[in-house]
Amino acid sequence: RRDDADSAIRDEVARRMDRGEALAPAGKDEEALVEFDAVLRVDPGNPSALRAISDTRKRLARVLRDSIEEGENALRRSDADAASAAFSRALRIDPDHRDARRGKERAGALASRFAAERNAARWYADGEAFQKAEKWSNAVHAFEECVAAVSEYKDAASRLSACRVAVAKAEARRRTLDRTRFLIGEGDRRSASGDTGGARKSYLAARDADDEKTSDIADEIVSRIARLDAAEFSRKKAEEQRREIARVRADAERDEASDELDKAIALYATAAAFERAAGLAGDAAEREAAARATRAARVATSLAYGDRSF
């Protein structure tokens, strides 16, 4: 039985040594060490295992040193991925190695910075496109994301400020246009109801509200005022024509009355003339009769006294 046990140990040692020696050349030194340590547990002091462990640890020490150096060189080149891989390899050999841990942290920070810069570049490009298209709200969002990723990325901060100002102006302009449209609509309603003065007041208020004198709105207001002026002109002309017609009618009525008066006056004058003539004729008849009576009295007197000289 002892021989069987010894044979089993020899088989285990041989099997593990073969596996370790196969792993080491493949760069799997950590796994090779596990195999060599297993040999020493079943065969303490095994010279082949001790020698293999020593060689492997020396090789790992070189790999550790080379990995850290490679990581530092990668950091100097700003190659975050290569640095992270090198320091990770060093930490697999010695998880508590201070330089390897710090290098790994620096590589992570560098990778984060690069990711942030890539993110910022993408948002910056979007912001530029939105700004060029005057899509101010979208531009503000893009530049905010850009600044959040990298606070001093190019001129993103100044562009963000400019776009915020543009958003405020656009909002104020929108309110102005809403007010202008409301006043135009109010003018239209007043015009339709015949309130020409009120309509003009609303149109003029709309014109004053459009502080930037937007061409299409300004033209719209001018057109409405022109139509209003034309309607007012037509109304005034119609009123003037009605007054002229009334005046002509009044003049005609006065002329007709004057003619009638002239006729009446003429008739009155004729009647008065006939009346005076009749009066004169009466007076003459009376005087003739008196003269005749006087002559008759004289004849009678003469006859009485025998005077026939008449």
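Numbering of residues begins at 1 and proceeds along the displayed sequence. Since we're looking at a predicted model, the values are computed, not measured.
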For this session: For Arg101, look at atom CZ and say whether over 12 heavy atoms of other residues, nucleotides or ligands are found less than 6.0 Å away.
Result: no

Seminar exercise, completed: So CG of Leu228 and CD1 of Ile221: to nearest 0.5 Å the spacing works out to 13.0 Å

Problem set entry | Exceeds 12 heavy-atom contacts within 6.0 angstrom, atom CZ of Arg15 | yes

For this session: For the residue pair Leu183 and Tyr203, establish whether any side-chain heavy-atom pair is separated by less than 4.5 Å.
Result: no

Exercise. What closest approach, in Å, do Ala74 and Ala83 show between heavy atoms, and which atom pair accounts for it?
Worked result: CB-N, 3.4 Å

Problem set entry | Carboxylate-amine/guanidinium proximity below 4.0 Å for Arg189 and Glu186 | no

Exercise. Any salt bridge between Glu145 and Arg122, counting N to O under 4.0 Å?
Worked result: no

Seminar exercise, completed: When every non-hydrogen atom of Gly45 is compared with those of Leu40, the smallest separation belongs to N-CD2, 3.8 Å

Exercise. Out of Arg242, Lys236, Gln241, Lys237, which residue meets the side-chain hydrogen bond (donor to acceptor under 3.5 Å, both in side chains) rule with Glu239?
Worked result: Arg242

Exercise. Shared ILVMFWY cluster between Leu160 and Phe130, side chains joined below 4.5 angstrom?
Worked result: no

Exercise. Should Phe87 and Leu64 be regarded as members of a common hydrophobic cluster, given that ILVMFWY residues are connected when their side-chain heavy atoms come within less than 4.5 Å of each other, either directly or indirectly?
Worked result: yes

Problem set entry | Neighbour count above 12 (heavy atom, 6.0 Å) for Arg98 CZ | no

Exercise. Charged N to carboxylate O below 4.0 Å: is that the case for Arg16 and Glu12?
Worked result: yes

Exercise. Hey, are the side chains of Phe36 and Asp55 touching, using non-hydrogen atoms and a 4.5 Å cut-off?
Worked result: no

Exercise. Does some side-chain heavy atom of Leu60 sit less than 4.5 Å from a side-chain heavy atom of Asp94?
Worked result: no

Exercise. Given Ser223 and Asp219, is the side chain to side chain contact (heavy atoms under 4.5 Å, CB included) satisfied, shown in steps?
Worked result: CA-CA 6 Å; Ser223 175; Asp219 292 344; over 6 Å; no

Problem set entry | Minimum-distance pair of heavy atoms, taken over all atoms of Ala199 and Ser191 | CB-N, 3.7 Å

For this session: Determine whether the side chains of Ser88 and Arg92 contain a donor N or O and an acceptor N or O closer than 3.5 Å.
Result: no

For this session: Measure the shortest side-chain to side-chain distance between Gln131 and Trp136 over non-hydrogen atoms and say whether it is less than 4.5 angstrom.
Result: yes

Problem set entry | Phe143 and Arg164, any side-chain heavy atoms less than 4.5 Å apart | no

Problem set entry | Spacing of CG belonging to Asp18 relative to CG belonging to Leu23, to within rounding of 0.5 Å | 11.0 Å

Seminar exercise, completed: When every non-hydrogen atom of Val167 is compared with those of Ser137, the smallest separation belongs to CG2-N, 3.8 Å

Exercise. Are Val34 and Ile53 linked, directly or through other ILVMFWY residues, by side chains that come within less than 4.5 angstrom of each other?
Worked result: no

Exercise. Has the side chain of Thr56 got a donor or acceptor atom that lies under 3.5 Å from a matching backbone atom of Ala52?
Worked result: yes

For this session: Carefully, step by step, assess Glu70 and Asp66 under the rule side chain to side chain contact (heavy atoms under 4.5 Å, CB included).
Result: CA-CA 6 Å; Glu70 180 182 341; Asp66 292 345; 5.9 Å; no

Exercise. Rounded to the nearest 0.5 Å, how far does CG of Asp99 lie from NZ of Lys104?
Worked result: 15.5 Å

Problem set entry | Heavy-atom neighbours of Arg243 CZ exceed 12 at 6.0 Å | yes

Problem set entry | CA sep, side-chain torsions, deciding dist, call: Ser54, Lys58, side chain to side chain contact (heavy atoms under 4.5 Å, CB included) | CA-CA 6 Å; Ser54 176; Lys58 289 178 181 178; 3.7 Å; yes

For this session: Find out whether Glu171 and Arg174 are in side-chain contact, i.e. whether some heavy atom of one side chain is under 4.5 Å from a heavy atom of the other.
Result: yes

For this session: Using a strict cut-off of less than 4.0 Å between a Lys/Arg side-chain nitrogen and an Asp/Glu carboxylate oxygen, indicate whether Asp155 and Arg159 qualify as a salt bridge.
Result: yes

For this session: Would you check if Asn119 and Trp123 make a side-chain contact, meaning some heavy-atom pair closer than 4.5 Å?
Result: yes

Problem set entry | Cluster overlap Tyr153 with Leu110, hydrophobic side-chain contacts below 4.5 Å | no

Problem set entry | Minimal non-hydrogen separation, Glu30 against Ile93, with atom names | OE2-CG1, 3.5 Å

Seminar exercise, completed: Correct closest heavy-atom pair for Leu91 and His97 would be CD2-O, 4.0 Å

For this session: Check the pair Glu72 / Arg106 against salt bridge (charged side-chain N to carboxylate O under 4.0 Å, His left out), numbers first and verdict last.
Result: CA-CA 10 Å; Glu72 293 293 340; Arg106 289 160 59 199; 3.1 Å; yes

Exercise. Do the side chains of Leu204 and Val222 join up, straight or via other hydrophobic residues, at under 4.5 Å, putting them in one cluster?
Worked result: no

For this session: Could you tell me the separation between the OG atom of Ser48 and the CG atom of Asp43, rounded to the nearest 0.5 Å?
Result: 9.0 Å

Exercise. Less than 4.5 Å apart, any side-chain heavy atom of Glu35 and any of Val39?
Worked result: no

Exercise. To the nearest 0.5 Å, how far apart are SG in Cys163 and CD in Glu134?
Worked result: 10.5 Å

For this session: Enter the distance from Arg65:CZ to Ser67:OG here, rounded to the nearest 0.5 Å.
Result: 10.0 Å

